[in-house]
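Worksheet for the structure shown next.
Proteins come first, then strands; the chains are lettered A, B, ... in the order of their sequence lines, and each starts at number 1.
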Amino acid sequence: MSSSEKKFENKVVIVTGASRGIGKAVAVGFGSQGARIAINYKSNKDAAQETAQLVEQAGGKALLFQADISSRIDCEKLLEQVVAKWETVHILVNNAGVAKDGLVMGLDENDWDAVIKTNLDGTVFLSKAVLPYMMMQKYGRIINISSVSAGNGRRGQGAYSSSKGAVEAFTRVLALEVAPKNITVNAIAPGMVETDMSDLVRGLANKQILAQIPVGRYAKPEDVADSVLFLASDKASYITGQVIRVDGGITLGIGI
Amino acid sequence: MLTKDEVYSKVTDCLVDALGVDEDEVSPDATLTGDLGAESIDFLDIVFRLEKSFGIKIPRGGLFLENILSNPEFVKDGRVTEKGLQELREKMPHLDIDKFAKEPNVNNFADLFTVEMLVNYVSTKLN
């Protein structure tokens with residue numbers, strides 16, 4: 001690919017939870033368009049390094065930044081470190097997420113806290129931290145990874161669905177607040193994606209799930225990454241506060 | 001040490017960048033909201049730009065109002081009470097509260113936030 005085709009040449013992109021799954025595909029996607037990617041990981045440094053390698057091979061630049069997104073202090077530290085290296089941030093992809101499933105009646109408070117702190121607090125406080133830089137340069141793209149679970153309940157996903165529903169509400173409010181500064185804020189709600197997170201459920205109910213997906217296959221992380229790259233591109237500059245479902249149509253039917 | 005003119009010039013640059021106004025619209029007595037069209041998000045923008053431009057730290061609520069006027073103790077029937085005025089004098093010494101106290105209608109409050117006020121605030125910080 002020639003450099004003139006690289007849509008995100010030198011853009012600084014933070015991707016949280018980029019060591020695997022959707023975050024990894026998003027990082028590599030931006031890498032293929034010439035971006036500088038801050039690859040955030042919590043504990044799996046080897047996997048993060050592999051993502052970095054793939055980013056470099058794809059034509060981008062990559063640096064690793066360890067941070068626990070559920071910690072507000074870590075979020076601020078992460079931002080400080082990225083800015084110390086690359087001076088600013090153009091695009092933030094709030095992807096880091098955890099799921100701790102179980103029926104609400106048996107809800108463990110620690111599980112609830114872990115899910116809300118990572119999925120919701122992390123999204124909120126990292127967004128807050130990048131905004132001054134985006135505002136000063138009059139350009140920014142924030143893309144939050146939600147889930148179809150935000151709009152369509154799944155048994156056992158009280159914490160996860162709640163966190164993603166709140167992320168979508170937050171997406172709309174923040175989009176309203178920062179629109180005058182040429183910052184857009186959108187969310188992607190993936191359906192069933194072939195990642196480690198969905199491994200178990202796909203293993204347990206493969207046929208039943210596939211039967212509910214009109215396109216007849218699971219999403220690949222790259223399917224989600226393509227939509228993230230679109231929302232970050234100039235082609236999407238008039239789209240803000242939206243949730244785009246990348247779900248193969250799983251939320252269209254009534255499940256019978 | 002910057003002269004007052006130099007501070008004024010840099011404050012003007014910040015306002016031009018944050019608000020997208022022309023330089024000649026910025027004058028010492030121009031009000032940020034009434035004359036220069038600033039909205040709530042712009043106040044944060046201005047704070048960040050001043051911090052960066054002058055290398056100063058402006059505490060949250062230190063320059064612009066946070067929640068003082070939403071306290072029912074401080075506002076009655078659309079007017080700032082004596083207690084509210086006292087609070088403003090303490091929390092926002094860079095504002096000309098004496099002038100405001102002559103007609104303490106909350107609708108007049110935004111007029112205290114002028115370009116000159118910003119220049120004075122920054123000059124005090126720098127000293």
Original post:
Is A/Lys42 atom NZ crowded by more than 12 heavy atoms from other residues, nucleotides or ligands, each under 6.0 Å away?
Top reply: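 Check fails, neighbour count at 12 or below.
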
Original post:
Counting only heavy atoms not in A/Lys61, do more than 12 sit closer than 6.0 Å to its NZ atom?
Top reply: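 No, not enclosed.
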
**OP:** Please collect all salt bridge (charged side-chain N to carboxylate O under 4.0 Å, His left out) contacts where either partner lies in residues 109-132 of chain A, sequence neighbours excluded, each pair once.
**Re:**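 Passing the test, one end in residues 109-132 of chain A: A/Arg72-A/Asp121.
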
Original post:
Taking non-hydrogen atoms and a cut-off under 4.5 angstrom, which of residues 29-48 of chain B neighbour chain A?
Top reply: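 B/Ile41, B/Asp42, B/Leu44, B/Asp45, B/Phe48, listed by number.
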
Going by atom type alone, with no hydrogens or angles, which donor-acceptor pairs under 3.5 Å involve a side-chain atom of residues 110-118 of chain B and a protein atom two or more places apart or on another chain?
residue	atom	partner	partner atom	Å
B/Thr114	OG1	B/Met117	N	3.1

Original post:
If you check every heavy atom in residues 129-146 of chain A against those of chain B, which residues fall under 4.5 Å?
Top reply: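 Within residues 129-146 of chain A, the residues that come under 4.5 Å of chain B (heavy atoms only) are A/Pro132, A/Met135, A/Met136, A/Lys138.
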
